[in-house]
Amino acid sequence: MGDAHHSGGTGHRPGRALVLGGGMTGMLAASVLADHVDEVVIADRDRMPDGARPRKGLPQARHAHLLMSGGARAIESLLPGITERWLAAGARRIGMLTNFVSLSTQGWVPRVPTEHFTIACSRDLLDLVVRERVLEHPRITLREGTEVRALTGDARQVTGAELGRAGAGESEHLAADLVVDATGRGSQAPHWLARLGLPAVRETTVDSGLVYATRLFRAPPGCEDFPVVSVQAESGLPRPGQGVTLYPIEGGRWLVTVSGTRGGEPSGRAEEFEPFARGLRHPLAADLIAGAEPLTDVHLSRSTVNRRRYFERAASWPAGFVVMGDAVAAYNPVYGHGMSVAAMGASALRDTLRACPPTDARAARRAQRAIARTAEAAWTMAVGEDIRFPGAVGERPPVAARLVHGYFERMIRTSTVDPAVIRALVDVMTLSSPPAALFSPVTALRVLRGPGGRPLPGPTITAAELALAGPGPR
């Protein structure tokens, strides 16, 4: 494509945008940028698979990914009709909490109706459907097998990037009016910016030491509408936090992810998978998979550190460069917020560019600040919980945050009995409402009153659902 900007005869859309990374964040960014420039080029190291299959650059895709309603609605607003495409491809729309069997840190969660849901399928299917939809746009192209070597320009203005074929030596300069870094956890943005003469970017991490282990099973016949089953890890105790999620996905399969923090990690050994699940606070998930046919080996992931880079606080920022998604803030995946925050970041980019076009020198900085704001709630929730596990590494929260956590624990305990409180909690957990909503006068009064009753004595799974799941220890 060379250095020259392509003009396609549409004077109101100048030049080119370059998106680094072809995952969920990159595709959503490209869909936004296509409304503002003549040409959007997406560059990714990987060769994309034809179907809903794993790719090297997204190893965490093998584990459970819950796209909750806050994120799904944000993606739908960017790509109208995408939810129907996911469902047509085999995903399910699972009601929260009507189709969740969940043991919270304070007890079994009642299965009450809410307006929220999760899109249940593999991460590979989520990405495939979005990728196909975005690449239908005539102004968007994907360059596969292409790696980023460096940004071009200077401390005032990014003018493009040096790209090369993955594994090859030569590189070419691709000019762009706006470059978006959507390369995820492994982003080299701080290094690229330093090479342009910009100061170091502040970075913080909180690491609970969580390890994921995932295995796919064939679901018993008739289990197409089986609920999500979850046992959540308990924090703040002198023992490791351990949990499990059983997640029905496309193709009549159950994706089962077990997890444990430092000192209580699962192993990658197949024979230890079910015993680990059986040793949790409740053996329900182990009972369900006891008679199910395993379809894969066990896949491990240790990529669970919460990492935040404060690009928006930089003393100076170059025009023409924006960082998004996990490259800004990466969360412990156990909280299910990564894709939702990425979608909200893309929405923030859209809103910024509607008011300030990509060629405006102020656009990038404004977008960076707006994207940072979308990360705040999920970051606060994730690190506030993760720092409380034994051996967690990172900055301790201030006293005020610890007091808030006490209120939060009481809220979870109350939610096991009070449907109004569980609904308020789910509003925030799905990123549909800001955390401040947890402190509304009505909710705060209910929390301060406390549960006022006994939590459910056992799992909320029904006899009919157990019968469908077939024989196994009970």
Side-chain angles (χ1 to χ4, degrees), residues 1-8 10 13-59 61 78-79 123-124 126-153 158-189 191-192 195-196 320-327 342 345-346 349 353 358 364:
M1 292 187 181
D3 281 339
H5 281 218
H6 170 65
S7 84
T10 56
R13 276 193 290 267
R16 175 191 292 141
L18 172 60
V19 177
L20 311 176
M24 179 71 76
T25 302
M27 289 294 163
L28 296 178
S31 73
V32 168
L33 293 166
D35 287 338
H36 298 276
V37 296
D38 254 352
E39 179 187 19
V40 182
V41 177
I42 306 167
D44 196 280
R45 277 186 62 93
D46 282 350
R47 296 277 177 188
M48 298 297 173
D50 293 333
R53 295 199 304 275
R55 63 183 180 93
K56 187 177 179 183
L58 195 67
L78 296 165
L79 301 172
R123 173 63 191 270
D124 295 323
L126 282 172
D127 278 16
L128 173 68
V129 172
V130 168
R131 183 165 67 244
E132 288 180 342
R133 165 66 196 277
V134 170
L135 294 180
E136 288 171 3
H137 198 296
R139 287 192 293 276
I140 300 175
T141 57
L142 171 63
R143 292 177 57 160
E144 301 175 75
T146 302
E147 62 186 9
V148 190
R149 305 275 167 80
L151 298 176
T152 58
V158 169
T159 58
E162 292 289 335
L163 304 178
R165 306 305 293 173
E170 69 280 359
S171 62
E172 68 162 307
H173 173 235
L174 188 70
D177 294 297
L178 185 63
V179 178
V180 172
D181 176 14
T183 55
R185 280 181 177 267
S187 166
Q188 296 297 301
H191 175 65
W192 296 333
R195 287 181 61 178
L196 295 181
F321 185 57
V322 174
V323 190
M324 295 179 63
D326 281 5
L349 178 66
L353 295 182

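- Summarising the geometry of Arg45 relative to Ala166, their closest heavy-atom pair is O-CB, 4.2 Å, with the distance given to 0.1 Å.
- Residues Leu151 and Val179 form a side-chain contact, since some pair of their non-hydrogen atoms from C-beta on lies under 4.5 Å apart.
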Step by step, would you call Thr159 with His173 a side-chain contact (heavy atoms from CB on, under 4.5 Å)? CA-CA 10 Å; Thr159 58; His173 173 235; 4.2 Å; yes
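- Nearest heavy-atom pair, Pro54 versus Pro49, reported as atom, atom and distance to 0.1 Å: O-CG, 4.1 Å.
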Would you check, one step at a time, whether the test salt bridge (charged side-chain N to carboxylate O under 4.0 Å, His left out) holds for Glu144 with Arg131? CA-CA 13 Å; Glu144 301 175 75; Arg131 183 165 67 244; over 6 Å; no
Take Leu174 and Arg16 through the test side-chain contact (heavy atoms from CB on, under 4.5 Å) and record every step on the way to the result. CA-CA 9 Å; Leu174 188 70; Arg16 175 191 292 141; 3.5 Å; yes
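- Between Val40 and Thr141 there is no side-chain heavy-atom pair separated by less than 4.5 Å.
- None of Asp181, Asp326, Leu20 except one satisfies the side chain to side chain contact (heavy atoms under 4.5 Å, CB included) rule with Ser187; the exception is Asp181.
- Annotation: the span from Thr183 atom OG1 to Glu147 atom CD amounts to 12.0 Å, rounded to 0.5 Å.
- In terms of heavy atoms, Val19 sits closest to Ala182 at CG1-CB, 4.4 Å.
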For Phe321 and Leu196, what are the C-alpha separation, side-chain angles and deciding distance, and is it a side-chain contact (heavy atoms from CB on, under 4.5 Å)? CA-CA 12 Å; Phe321 185 57; Leu196 295 181; over 6 Å; no
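- Residue Met27 holds its CE atom at 4.5 Å from CG of Leu135, rounded to the nearest 0.5 Å.
- Within a 6.0 Å sphere centred on CZ of Arg185, other residues, nucleotides and ligands contribute more than 12 heavy atoms.
- A donor-acceptor pair is defined here as one N or O able to donate and one able to accept, closer than 3.5 Å; such a pair exists between the side chain of Arg139 and the backbone of Ala34.
- Between the side chain of Ser31 and the backbone N or O of Val134 there is no donor-acceptor pair closer than 3.5 Å.
- Ala30 and Ile42 make their closest contact through CB-CD1, 3.6 Å (heavy atoms, listed as atom of the first residue, atom of the second, distance).
- No side-chain donor-acceptor contact under 3.5 Å links Arg55 to the backbone of Asp124.
- Heavy-atom minimum distance, Asp46 versus Gly57: OD2-N, 2.7 Å.
- Judged purely by distance below 3.5 Å, without hydrogens or angles, the side chains of Arg165 and Thr146 pair a donor atom with an acceptor atom.
- Separating the CG atom in Leu349 from the NE2 atom in His36 is a distance of 7.5 Å, to the nearest 0.5 Å.
- Considering all non-hydrogen atoms of both residues, Met24 and Arg123 come closest at CB-NH2, 3.6 Å.
- Put simply, the side chain of Gln188 gets close to the backbone of Gly186: a donor and an acceptor are under 3.5 Å apart.
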Go through the steps for Leu33 and Leu353 under the test side-chain contact (heavy atoms from CB on, under 4.5 Å), then give the verdict. CA-CA 8 Å; Leu33 293 166; Leu353 295 182; 3.7 Å; yes
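- Taking the charged nitrogens against the carboxylate oxygens, Arg195 and Glu162 have no contact shorter than 4.0 Å, which rules out a salt bridge.
- Interatomic distance, Asp127 CG to Met48 CE, rounded to the nearest 0.5 Å: 8.5 Å.
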